[in-house]
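I have placed the structure first, in the form of structure tokens, so that the comments after it can refer back to it.
All values reported here derive from a predicted model rather than from experimental measurement. Residue numbers start from 1 in every chain, and the chains themselves are labelled A, B, ... in the order their sequence lines are given, proteins ahead of strands. Worth knowing before you read on, the calculation uses all heavy atoms, side chains too, and leaves out hydrogens, waters and symmetry mates.
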Amino acid sequence: MPDNQLDLLGNLQRSHMCGVLRAKDAGARVTLMGWVNRRRDLGNLIFIDLRDRSGLVQIVVDNEADPALHKKAENVRSEYVLAVVGSVKRRDAATENKNLPTGEIEIIAEELRVLNDAKTPPFSPSEQAIGNEELRLKYRYIDMRRPEMQSNIELRSRISLAIRKSLTDRGFLEIETPFMTRSTPEGARDYLVPSRVYPGSFYALPQSPQLFKQILMISGFDKYFQIVRCFRDEDLRADRQPEFTQIDLEMSFPTQDRVFEVVEAFLVAAFREGGIELKPPFLRMTYDEAICKYGIDKPDLRLPEMTDARKAFTEENLNALSLDPLLPVVAVRIPKVGELSRKERDDNKQLFSPKSGAKLIDDLKRLEKSFPEAVSKLRELSKAEAEDLLVLVAGGPANDRSPIAMRKAAEAVYTSAGAFRVALAQKYKEKHGAFRKAGTADDYRFLWVTDFPMFEYDDKEGRWNAAHHPFTSPHEEDFGKLLSDPGAVRSLAYDVVLNGTELGSGSIRIHRQDIQQLIFHALGMSVEEARSRFGFFLEALEYGTPPHGGIALGLDRIVMILAGAESLREVIPFPKTAKAVDLMVDAPTPVSPAQLKELGISVKT
RNA sequence: GGGGACGUAGUUCAGUUGGUUAGAACGCUGCCCUGUCACGGCAGAGGCCGCGGGUUCGAGUCCCGUCGUCCCCGCCA
């Protein structure tokens, strides 16, 4: 038997959403459905704030007007689900609520149906201060009733739609690729799915649809995109979830510029949904330039670039400071920090983590006593104002003076300085104010970083690794160095970067089987090994592969930035914790011995 | 894998140097209240101080371990 305290929906149909009613609707008869946000019981007069996705509206129940209805309203509690039939009344001037979009009107209830009751929730969607993450994730359905979450999820939907529209308008086809696919040992750890039919064999969930989208180019689909879930079994961060969504695209016969245009167009469309009018084209910068000026491959352009101030010093100066004259002397400038105490300088030193011999000089006053000319020149070169914080990062004398070692030492100086720059910028963000949002396009400093190195040297393994992935094309003019000087080979890989965050990464791919073999060779991969890992793909390359290239961008990060959120969890309906647990459904869980047996799996504990 | 922060009422938090009966606010329950909108007033219920062990005459407080959440490093082609 159903609970007879509750009313049935019957044929009642909703006429309006709660939050859309305005003064012009006065006199209209409406049927609303929603949740009780708050009830204010004044005795013979009861106010109910009814909430749905669109907002709140005040319902009025007057004992004098309808005692039976009033009796019913007395028993209503927070988060009950109601249907209300009533008329829209323009409020008296004295009772308007300027804080509410619907504050000029209220609903005089004529009928009230309690469609469902609710236990007192562990926290209320109407509360300003939100509870801890654990509770929010366990009771995600309640958390998502909060207006902030509703608007984040709605924003996400609108952004996805805008991107789909932008891409399909440009002739891209949205094509699905498998979730159950083949494990490739490169890159991140795979999530595995055991096969029942082939005990001991596993599918892998895709880290990205990389090879499938390249195959689609070989198939002649020309322009592909997909807003697609990707899976990586790596440790989480505030901006990393084990499953996340990429805007993945690939095109045939592209130049880098064509890819950039497409991405810029859909980012303009996406940001328009967030109320921001971007002005493409975005700035471009090579990887080398990014490292020299920002000490990182994802520069935050909201703060001034670094300066190589080596020229400010004579060789004697540098020797006296026991710095290597062949290494850069990087000036890091953070605006408007003002005078620092001794203690504060010492605290800042803790933020500096030097890589291979990089040294910090943070006391410019003391330096000035010994080298007044150099410091004056330094201030000039770095355009430092009196109240700016200025520090130097330079290289100590290097033992190994080979060109390769010196190149590495120089990069260590730049990247140590770059990391310190970011740490200081974070610490003094209140003072320099560069991270404050003005609500304009200037808040979002996009750039393209190009010409990434093709290979990175793995010291532990003693071999070269693909910096992007092994299907990335080298620069044509660097083909000759593939085997002689792999470290100097530039790739046609590119990143799109926003305010120090990598939003996406892509490349022009290798379409020729001979070049692909060469790359595998440079990576120290034997023909057999390459065949066993990527055989199907190498074979496909032999059947008329067009030049192609593409990119993938993190949708979650884009939404997070436009929502002004601090964590990806704020823009993902059902996220996982830092330990990759879903607290609502309580996953992962052990499975029954019968299930394991069927899969041919035994678990060691 | 490593480092850090946190864990006390349904929730957010306070809790002194280790010392009687562990507090506040919000929420909840009941009563009162016709213009509230974070309604107001009165009364009340509500505690495995994350868990386990240790030190002590005595532990929310000190020590060790463990679990959970968050942040960072490693990791994430």
| note | Side-chain atoms of A:Arg91 come closest, of B:G35, B:C70, B:G74, to B:G35

| Distance between P atoms of B:A25 and B:C64 (Å, rounded) | 36 Å

| Quick one: does A:Arg240 reach the base of B:C76 with a side-chain donor-acceptor pair under 3.5 Å? | yes

| 5'-most contact on RNA chain B: A:Val60 or A:Arg232, nearest heavy atom basis? | A:Val60

| note | Side-chain contact check for A:Gln58: nearest option of B:G35, B:C70, B:U34 is B:G35

| query | Looking at B:U34, B:C72, B:C75, which one has an atom nearest to any side-chain atom of A:Asn44? | reply | B:U34

| said: Counting the atoms with a prime plus P, OP1 and OP2 as sugar-phosphate, which does A:Pro121 contact under 4.0 Å by heavy atoms, base, sugar-phosphate, or nothing? | reply: nothing

| field | A:Lys576 NZ to B:C70 C1', straight-line distance once rounded to whole Å | value | 18 Å

| said: Please determine whether a side-chain nitrogen or oxygen atom of A:Asn132 lies at a distance below 4.0 Å from atom OP1 or OP2 of B:U12. | reply: yes

| message | To the closest 0.5 Å, what do you measure between CD (A:Gln58) and CD1 (A:Ile48)? | response | 10.0 Å

| query | On a whole-Å scale, what distance lies between the P atoms belonging to B:C39 and B:U21? | reply | 39 Å

| query | Counting any heavy atom closer than 4.0 Å, what does A:Ala467 reach on the DNA or RNA strands: base, sugar-phosphate only, or nothing? | reply | sugar-phosphate

| query | What's the CD-P distance between A:Glu133 and B:U12, to the nearest Å? | reply | 12 Å

| task | Please tell me which of the listed nucleotides, B:C28, B:U69, B:C75, lies nearest to the side chain of A:Ser78? | result | B:C28

| query | Centroid-to-centroid, A:Tyr224 to A:Phe212, below 6.0 Å? | reply | no

| Do the side chain of A:Glu106 and the base of B:G35 come within less than 3.5 angstrom through a donor-acceptor pair of N or O atoms? | yes

| remark: Result for side chain to side chain donor-acceptor pair (under 3.5 Å) between A:His548 and one of A:Lys213, A:Gln214, A:His511, A:Arg509 points to A:Gln214

| task | Give the nucleotide from the list B:U69, B:U34, B:U36 with an atom nearest to the side chain of A:Asp62. | result | B:U34

| Heavy atoms of other groups near A:Phe231 CZ, more than 12 under 6.0 Å | yes

| field | Which nucleotide in B:U11, B:G74, B:C76 has an atom nearest any side-chain atom of A:Leu135 | value | B:U11

| said: How would you summarise protein contacts on nucleotides 38-44 of chain B per nucleotide, using B for base, S for sugar-phosphate only and - for none, with heavy-atom distances below 4.0 Å? | reply: SB-----

| query | When all nucleic acid strands are considered with a 4.0 Å heavy-atom cut-off, which category describes A:Gln210: base, sugar-phosphate, or nothing? | reply | base

| said: Does A:Phe123 reach a base, just sugar-phosphate, or nothing at all? Heavy atoms under 4.0 Å. | reply: nothing

| On a whole-Å scale, what distance lies between the P atoms belonging to B:G35 and B:G40? | 15 Å

| Pairwise distance CG(A:Leu137) to CG(A:Asp582) - rounded to 0.5 angstrom | 8.0 Å

| query | Mind checking the C1' distance from B:G18 to B:A22? Whole angstroms is fine. | reply | 14 Å

| task | Give a yes/no on whether any side-chain N or O of A:Arg237 is located under 4.0 angstrom from OP1 or OP2 of B:C73. | result | yes

| For B:C71, does either OP1 or OP2 sit under 4.0 Å from a side-chain N or O belonging to A:Arg569? | yes

| Per A:Thr577 side chain, nearest of listed nucleotides B:U36, B:C70, B:C28 | B:C70

| request: Have a look at A:Glu64 and say if it touches a base, only the backbone sugar-phosphate, or nothing, with a 4.0 Å heavy-atom cut-off. | output: base

| Where the side chain of A:Arg77 is concerned, which of B:C76, B:U34, B:U29 is the nearest nucleotide? | B:U29

| Donor-acceptor pair under 3.5 Å, A:Glu127 side chain vs B:U11 base | no

| Quantified in whole Å, what is the P atom distance between nucleotide B:A9 and nucleotide B:C49? | 9 Å

| task | Map A:Ala578 and A:Glu96 onto RNA chain B by nearest heavy atom, then report which one ends up closer to the 5' terminus. | result | A:Glu96

| Donor-acceptor pair under 3.5 Å, A:Asp92 side chain vs B:G35 base | no

